[in-house]
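Written below as structure tokens is the structure these notes are about.
Whatever order the structure lists ligands and atoms in, that order sets their numbers, starting from 1. Here the structure is a predicted model, which means the values were calculated and not measured.
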Amino acid sequence: MKRFISRNQEYLPTNFYNLKADLPEPPKPPLHPGTKEPITPDDLLPLFPAGLIQHEGSQERFIPIPQKVLEAFSVYRPTPLIYASALKNKLQTPAHILYKYEGAGPTGSHKSNTALVQAYLAAEEGVKTLSTETGAGQWGSALAHAGSEFGVNVDVFMVRISYRQKPGRRILMELYGAHVKESPSSSTDSGKKFFEIDPNHPGSLGIAISEAVETAVKNEGVKYSLGSVLASVLMHQSVIGLEAEEQLKEIGLTPDVIIGCVGGGSNFSGLAFPFVRHNLNGQRKTRFIAVEPEVCATLTTGEFKYDHGDSVGLTPLLHMYTLGMDFVPPPIHAGGLRYHGMAPLVSHLVHTGIVDPVAYSEEKIFQAAELFLKTEGILPAPESAHAIAAAIDEALLAKEEDQEKVILFNLSGHGFLDINAYEKNSKKQ
Ligand SMILES: *Cc1c(COP(=O)(O)O)cnc(C)c1O
């Protein structure tokens, strides 16, 4: 089998795929935090650029990718689809293991796929500044890059524990010209609620979201940008799966199992949704596995209900699996997976039995990451290592059952800036 599937520019799609067009039943709509009525596009105008609100509400199956975004994508897309022959040999499995390598993006994760769209849409409308939050720093650096590309300022609230553990990401954001603050900060009412109790509060994505939302709503010319969870963001990420589907045709394989790690759900959805449509129209029975950390096990232990997307109650109420808006996940190295909620579309697919969730320990995912590094040669982000661990489990299961299964997973990012986490983890063992 070829180890590397080509990155022919023709595989770069010209439209985003919108799963909503193919769902037999829509998920419950987001509600206004005040009135508890379904949210209208006008309600969202103080928060998001109008172009994004249009993407968010669209029921169209395909939405054209703007030309300037396509040009920005073409610098790093199509990303490689790699046949993991070294990992396969090591595991002695009959399964075919493939991964889409989103670490090839400019800041090392899939997040640029939506960051570039959001910065473009903001710039088109004359938005001066995008405010946002970041956990491990991947989203902040992706938006900082996209802002510099399209001429939009970027203000980032960075979860304190990551700010202190991962200075590399902060430096990267600042090099792109972004302003970065530790969250909880003392510069917003939302941040003060936590900062004044404990100036060393480790922070959480939920709190940082509240701070970024408050900044957008209270300041003229500032809009808010979210790196996951939204239907529009999941749709922007569909370029991953659309490319993978074309690339797989080149080697004549169809996936039996598709795997992604889940924080807010965007990289998983980006790979999975273009394939989910074949299950929905009855043509295939692909298995979809969403992998989360045990200590922030939203899908496997959370409740399916309406909850806020942030920790203060400023965002619309989303119908999703949630650990509760007050839940502050313990500090783990996979900072990008420390979120109390989950994208409503992913939650809906889990609830309807199309996606199977699993939760893994930090020990297990670091072992998987090391095996992957030693075989495939790529240092994965600790977030992505969750998907690797599940792919290994599936490959070992295929060996037990002597099945030539096709396993496809999303390697959502590289771990070069997480190198300290690897050092700490190897000392622990
Ligand atoms: C942010 C991030 C994630 C988690 O976010 P999703 O929206 O669930 O994709 C996973 N992997 C990497 C490398 C990330 O940067």
Next item on the list: Kindly state whether the ring of Phe366 and the ring of Tyr422 have centres lying under 6.0 angstrom apart.
Entry: yes
Margin query: What verdict does the ring-ring contact (aromatic ring centres under 6.0 Å, His included) test give for His55 and His236, after you've listed the backbone C-alpha separation in whole Å, the side-chain angles of each residue and the deciding distance to 0.1 Å?
Written below: CA-CA 9 Å; His55 280 187; His236 300 155; 5.1 Å; yes
Check: Are Tyr99 and Phe372 close enough that their ring centres sit under 6.0 Å apart?
Finding: yes
Margin query: With a 6.0 Å cut-off on the ring centroids, do His319 and Phe304 count as close?
Written below: yes
Margin query: Does the Lys NZ or Arg CZ of Arg170 fall within the cation-pi geometry relative to Tyr163 - under 6.0 Å from the ring centre and within 45° of the axis?
Written below: yes
Next item on the list: Kindly indicate, with the supporting measurements, whether the criterion side chain to side chain contact (heavy atoms under 4.5 Å, CB included) is fulfilled by Ser185 and Glu211.
Entry: CA-CA 8 Å; Ser185 77; Glu211 294 206 79; 2.5 Å; yes
Next item on the list: Taking only heavy atoms of the protein into account, state which residues are under 4.0 angstrom from an atom of ligand 1, in chain and number order.
Entry: Ser109, His110, Lys111, Gln138, Ser228, Cys261, Val262, Gly263, Gly264, Gly265, Ser266, Asn267, Gly336, Leu337, Ala381, Glu383, Ser384, Ser412, Gly413
